Structures are given as structure tokens and as C-alpha cells.
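First up is the structure itself, then whatever we jot down about it.
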2 protein chains.
Amino acid sequence: MNRHRYRKKNGDNFRWTNPRRDLVNIFTKEEHLSADEAYMKVKQKNPEIGVATVYRNLDFLTERGILNRFRFGDVKARYELRDLEKENHHHHLICESCGKIINYSEFVQREKKLINAMEKELSEKHGFQINSHQLHFYGICKDCRDK
Amino acid sequence: MNRHRYRKKNGDNFRWTNPRRDLVNIFTKEEHLSADEAYMKVKQKNPEIGVATVYRNLDFLTERGILNRFRFGDVKARYELRDLEKENHHHHLICESCGKIINYSEFVQREKKLINAMEKELSEKHGFQINSHQLHFYGICKDCRDK
DNA sequence: TATGATAATGATAACTATTATCAGTTAGTT
DNA sequence: AACTAACTGATAATAGTTATCATTATCATA
Ligand SMILES: [Mn+2]
Ligand SMILES: [Mn+2]
Ligand SMILES: [Zn+2]
Ligand SMILES: [Zn+2]
């Protein structure tokens, strides 16, 4: 599991650097980018940046709770800004044909109730402390169906 | 998205070979194996088998609906036999510390209702045809918490 | 039950995503 | 301005997976 280990050991005295700022900026404009896609974007603003820096900081920002990391069946990880408000909490539809990813936030209320009950029971029954959940729907998007 | 393309073009005249039989057998005994883990297991029975064959057939069996493929935050894919009965439908708890994967099937009834409603609305609203869903809970397992 | 078409295999090279290493650079503190 | 640890970029290394290709095995048919 531990393939992401650019972890801080002592304290939290991190530095707010340009690559970090640039990355966060990019994710305010675009969602679900892979490391490579983010790298391309950041490069436009700062051609000097290296891939390793992008990977390191996607990891850094994810561990700091600023980004969410997903793996949608695809090998490569994808990222988005973490929802600040609970109301924005959303999940994903993934097209198995073209790979398109669609956000949806319907049913948040009803879902929340079920998820809360689940988390409670699961943590009691399995002694498992739940930190987050992901709900993915796989299928075929409208565009691909129309073809 | 199309990184898995050992796909048949013409018809469905596939052959029921030893590697395929062996793989299915292994998954009746163990769950959530990665390609490499499955390879090791099959090798015990048939030391001649190659990795490529394992990858090809994990893919083959997944596309034939015999196996489920997952990516639990980890880079590597993991597989299990697809649930034959709806009653066995289950989801997963993933420990972010040790990587342990726990099946759970509580709430299937309540969940089914919500999921059905979701699938209906989502397909109407987004024109998206939903084929399957995955619900993953991430957190810390009992063993890791006790340490 | 032998034959033939072609699906499948195994070895291995290649590729893609990610991580480690390390010398040089910077942010933030004094 | 000087100091120091955090950070960076280049690049090598690794892990997981897929492509290639010559050889073999399956199975429908004769
Ligand atoms: Mn999203
Ligand atoms: Mn399972
Ligand atoms: Zn599509
Ligand atoms: Zn654990």
C-alpha cells in the first residue's frame, strides 16, 4: 500500500512554494487530472518544473487534505480539489468506453444517512475506523451510447 | 481507458484452457489477489506458465464477467470471483495503514434501494447507462489501531 | 481420430506510471 | 545577511502491465 511516501516526519513546517501554488491553481480550473496532465499544465506557466516535483506535490497536497486522489479503474491516479463544503460532496460516473468522468451530487442527503449508519455499524462490528468513502458507477456515457 | 485490450473481435469462440481453469480454481480459494500473487499461485501447479498468460487471462475472465477487477488506491489491480447470487453482493473496507481488504455485505437491502433509485435518476438525467458500482471505505483496521 | 484453422501460450522486449537518489537551490527564521 | 532544513529538478531505477512473435494446443469438422 505504501507507494506514496514523500511524508514528513518531524512537525509540519512545510513551505508554501511556487510549484504548490501553481498546482492548486490548476485544480481550481480543472478536475480529475492525472499527474502527467497536471505536469503539462504547470509547465505552461513554469517550463522549468520537473515531473518528480509534480508527483511529490500531488502526494503532499493529498496528504494535507487539499486534494483527493482517485483511481477510476485506470492505472493512473487522478486528482481534484477536496470539497470544502459538505454540500458539495460528490461521487463519480465513469464511462468504460471513453473514460469520461462525470461528477454527481444527487442523493447526498439520503446517501449521507445510509453512509452514516454504515460507518457506525461497520466500525462497531469490525473495529474499523472509517476516514472516507468513494462510490463509483461504471457504465456507458450518453455520447458513447449515441454512437 | 483502454489499457486492457486482449479483446475478441469476431464472435465468442474462446477456448477453455488449463491456465484459465487454474486461475478460476485459485480464486475459489483466495480473494483479492493481484496479478503477481495469482501468478505465484498458478505457478505452483504449473511451473511452465508465463506472466503474460496470467495478465491476459485475468483480463479475459474479467471481460467475460467471471472475475471482478478492483483498484483499491493501490497501483496494482486486484481480482475476485464475481458474486453469483445477489445476496452475496458485497463491498470493501480498505486499511490505509496495512492495505488489508475486508469484505462486508451489511446493508445490502437498504443499499440496494438507494442504489436502484440513484441508477434510475442518474441514467435519466445524464443519459448514462450504469453497469456496475463500487463502494469503498478507507480507514484504519482494528489491528493497526491497536498497535 | 486425424486434420486444419486459429485461439492461446510463453519468452521477452517495451512501455507507462511512479518512486528513489542526490547535488544544488530556496523559503523562512534569526 | 547568514543559516538551515525543506524543497527542487535531473535522472536513474522500479513496478505493473502490455506488445510482439514464434510455437503450441484446442476444438469443430471430415
Ligand atoms: Mn470529481
Ligand atoms: Mn471482495
Ligand atoms: Zn463515453
Ligand atoms: Zn491495517
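From a predicted model like this one, the values you see are computed outputs, not experimental measurements. Each chain gets a letter, A, B and so on, in the order the sequences are listed, and its residues count up from 1.
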Test applied, side chain to side chain contact (heavy atoms under 4.5 Å, CB included); reference residue, A/Asn116; option that passes from A/Lys120, A/Lys112, A/Met118: A/Lys112
Spacing between A/Phe14 atom CZ and D/dC7 atom C1', to the nearest angstrom: 13 Å
Residues A/Asn103, A/His91; criterion side-chain hydrogen bond (donor to acceptor under 3.5 Å, both in side chains); working and verdict: CA-CA 6 Å; A/Asn103 287 337; A/His91 292 302; over 6 Å; no
Distance test, side-chain N/O of B/Arg71 to OP1/OP2 of D/dT17, below 4.0 Å: yes
B/Arg20 side-chain N/O to C/dA8 phosphate OP1/OP2 under 4.0 Å: yes
Whole-Å distance separating the CG atom of B/Asp74 from the P atom of C/dA17: 17 Å
side-chain N/O B/Asn57 vs C/dT9 OP1/OP2, d < 4.0 Å: yes
Nearest to side-chain heavy atoms of A/Asn13, which nucleotide of D/dC27, D/dA6, C/dA20: D/dA6
B/Phe60 CZ to C/dA8 C1', straight-line distance once rounded to whole Å: 10 Å
Exercise: do B/Glu80 and B/His32 side chains pair donor with acceptor under 3.5 Å: yes
Rounded distance (Å) that lies between atom C1' of C/dT9 and atom NZ of B/Lys43: 13 Å
Residue whose nearest DNA chain C nucleotide is more 5′ - B/Trp16 or A/Trp16: B/Trp16
Short side-chain N/O contact from B/Asn18 to OP1 or OP2 of D/dT26, under 4.0 Å: yes
Aromatic ring proximity, centroids under 6.0 angstrom, A/His92 and A/Phe72: yes
Spacing between B/Leu58 atom CG and D/dG16 atom C1', to the nearest angstrom: 13 Å
Residue mapping more 5' on DNA chain D - nearest nucleotide basis, B/Arg21 or A/Tyr39: A/Tyr39
Integer-rounded Å distance: D/dC7 P and A/Ile49 CD1: 14 Å
D/dT8 phosphate, OP1 or OP2, under 4.0 Å from A/Thr17 side-chain N/O: yes
Distance, rounded to the nearest Å, where A/Glu48 contributes CD and D/dT11 contributes P: 13 Å
Centroid-centroid distance, A/Tyr104 to A/Phe137, less than 6.0 Å: yes
Of the listed nucleotides D/dA19, D/dT8, D/dT20, the one nearest the side chain of A/Arg56: D/dT8
B/Lys76 vs A/Pro19, nearer the 5' end of DNA chain D by closest nucleotide: A/Pro19
Presence of B/Tyr55 side-chain N/O under 4.0 Å of D/dT18 phosphate oxygens OP1/OP2: no
Between C1' of D/dT8 and CG of A/Leu23, the distance in whole Å: 13 Å
Among D/dA6, C/dT6, C/dA17, the nucleotide that comes nearest once only the side chain of B/Arg15 is considered: C/dT6
